[in-house]
Amino acid sequence: MLKATDAEIDSMFGRRTLEGRSAIVTGSTSGIGIGIAQALARAGAAVMLNGFGDPAEIERQRAKMAEENDVDVAFDNADMSRPEAIRMMVERANARFGQIDIVVSNAGIQHVAPIAEFPAARWDAILAINLSAAFHLVQATYGQMRARGYGRIINVASAHGLVASPFKSAYVAAKHGLVGLTKVVALEGAEFGVTANAICPGYVWTPLVEQQIDDQAKSHGVARDSVIRDVFLKNQPTKRFATVEEMGALSVFLCSTAAASITGAAIPVDGGWTAH
Ligand code: NAD
């Protein structure tokens with residue numbers, strides 16, 4: 001797959017443009033979150049990783065990111081469905097880095113079912129992790145950003161923050177809500193150097209998506225290529241997956257001073273999906 005390279009991204013932003021900044025990226029033990037955390041670290045920011053997974057693998061990722069980018073990288077396993085855990089993660093990040101300049105709410109889960117059968121507990125969990133966690137994270141960090149006159153809030157929403165699909169009631173509601181929250185925070189922070197933006201990806205190539213392709217190919221007895229073309233990329237006009245590197249590059253740009261006037265935006269990175 002054609003990917004944005006480190007050299008290309010370095011040539012756009014210069015190296016270490018975020019030196020002296022520190023960031024929390026939720027849900028960064030996998031997929032898009034790792035891509036964003038890696039790009040911020042490469043730009044020189046200290047990063048707190050967060051999420052679930054095999055502790056040895058997470059430690060390997062953390063140590064590699066720290067060493068390769070010569071920045072402080074920490075890990076916190078706070079559960080984004082628990083407001084108190086989010087506040088404690090912020091306290092630990094403050095203690096470790098001294099300040100927090102950038103927060104990326106990326107942790108997310110999905111459940112697909114018709115509305116009449118949608119389990120209420122899944123609805124509650126999706127709203128808590130995909131939407132309310134972003135509110136709690138902003139609430140715990142906004143004050144210090146405003147006081148210092150610089151802050152970057154990035155919420156990873158989805159094309160489903162802009163348009164709907166059937167059977168994804170909780171996810172679509174949460175992601176639309178996240179876009180709304182982003183706009184409010186943008187207005188409140190506008191005069192104080194704090195920007196808030198939502199990234200709205202279409203299908204992104206992550207281990208999760210790769211697994212789903214294999215599963216669907218097996219269960220429908222069709223080739224991987226036709227699952228990719230006819231199911232996953234049906235609505236994505238470019239007929240290619242976005243990459244986690246693209247999410248990382250956009251995040252670094254949004255954190256730059258060049259992006260100071262971009263706030264309250266819901267930016268589609270969906271290969272033209274929402275242009276339909
Ligand atoms: P992923 O499943 O690979 O990663 C999700 C991350 O969230 C993991 O690190 C996981 O440990 C963490 N997480 C899950 N529940 C958590 C909880 N309660 N507390 C803390 N961490 C938790 O998913 P991904 O594809 O990288 O998606 C990341 C974000 O991007 C999600 O918000 C998702 O909705 C959004 N998104 C993804 C795609 C895509 O095609 N992959 C498209 C649009 C939007």
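Order of appearance sets the numbers: ligands from 1, and atoms from 1 within every ligand. Index from 1, following the sequence. All values below were derived from every heavy atom in this structure, side-chain atoms included, with hydrogens, water molecules and symmetry-related copies excluded.
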Who passes side chain to side chain contact (heavy atoms under 4.5 Å, CB included) against A23, sequence neighbours left out?
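With neighbours one apart ignored, the set is L40, I102.
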Can you name the ring pair (Phe, Tyr, Trp, His ring centres under 6.0 Å) partners of Y203, sequence neighbours left out?
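With sequence neighbours excluded, Y203 shows a ring pair (Phe, Tyr, Trp, His ring centres under 6.0 Å) to F232, given in chain and number order.
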Counterpart residues, ring pair (Phe, Tyr, Trp, His ring centres under 6.0 Å), relative to H111 (two or more places apart):
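Once residues adjacent in sequence are excluded, the partners of H111 under the ring pair (Phe, Tyr, Trp, His ring centres under 6.0 Å) criterion are F118.
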Dump all N/O pairs between ligand 1 and the protein below 3.5 Å as a table: atom names plus distance, one pair per row.
| from | atom 1 | to | atom 2 | distance (Å) |
| --- | --- | --- | --- | --- |
| ligand 1 | 3 (O) | S30 | OG | 2.5 |
| ligand 1 | 9 (O) | G27 | O | 3.3 |
| ligand 1 | 9 (O) | T29 | N | 3.3 |
| ligand 1 | 9 (O) | T29 | OG1 | 2.7 |
| ligand 1 | 11 (O) | T29 | OG1 | 3.3 |
| ligand 1 | 11 (O) | F52 | N | 2.9 |
| ligand 1 | 11 (O) | F52 | O | 3.4 |
| ligand 1 | 18 (N) | D79 | OD1 | 2.9 |
| ligand 1 | 19 (N) | M80 | N | 2.8 |
| ligand 1 | 26 (O) | I32 | N | 2.8 |
| ligand 1 | 32 (O) | N106 | O | 2.7 |
| ligand 1 | 32 (O) | K175 | NZ | 2.9 |
| ligand 1 | 34 (O) | Y171 | OH | 2.5 |
| ligand 1 | 34 (O) | K175 | NZ | 3.1 |
| ligand 1 | 40 (O) | V204 | N | 2.8 |

Does atom NZ of K239 have more than 12 heavy-atom neighbours from other groups under 6.0 Å away?
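Count over threshold, so yes.
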I'd like to check T29 versus L49 (side-chain heavy atoms, cut-off strictly below 4.5 Å). Are they in contact?
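T29 vs L49: side chains apart.
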What I want to find out is whether R224 reaches D214 closely enough, with some N-O distance under 4.0 Å, to be called a salt bridge.
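Between D214 and R224 there is a salt bridge, with a charged N closer than 4.0 Å to a carboxylate O.
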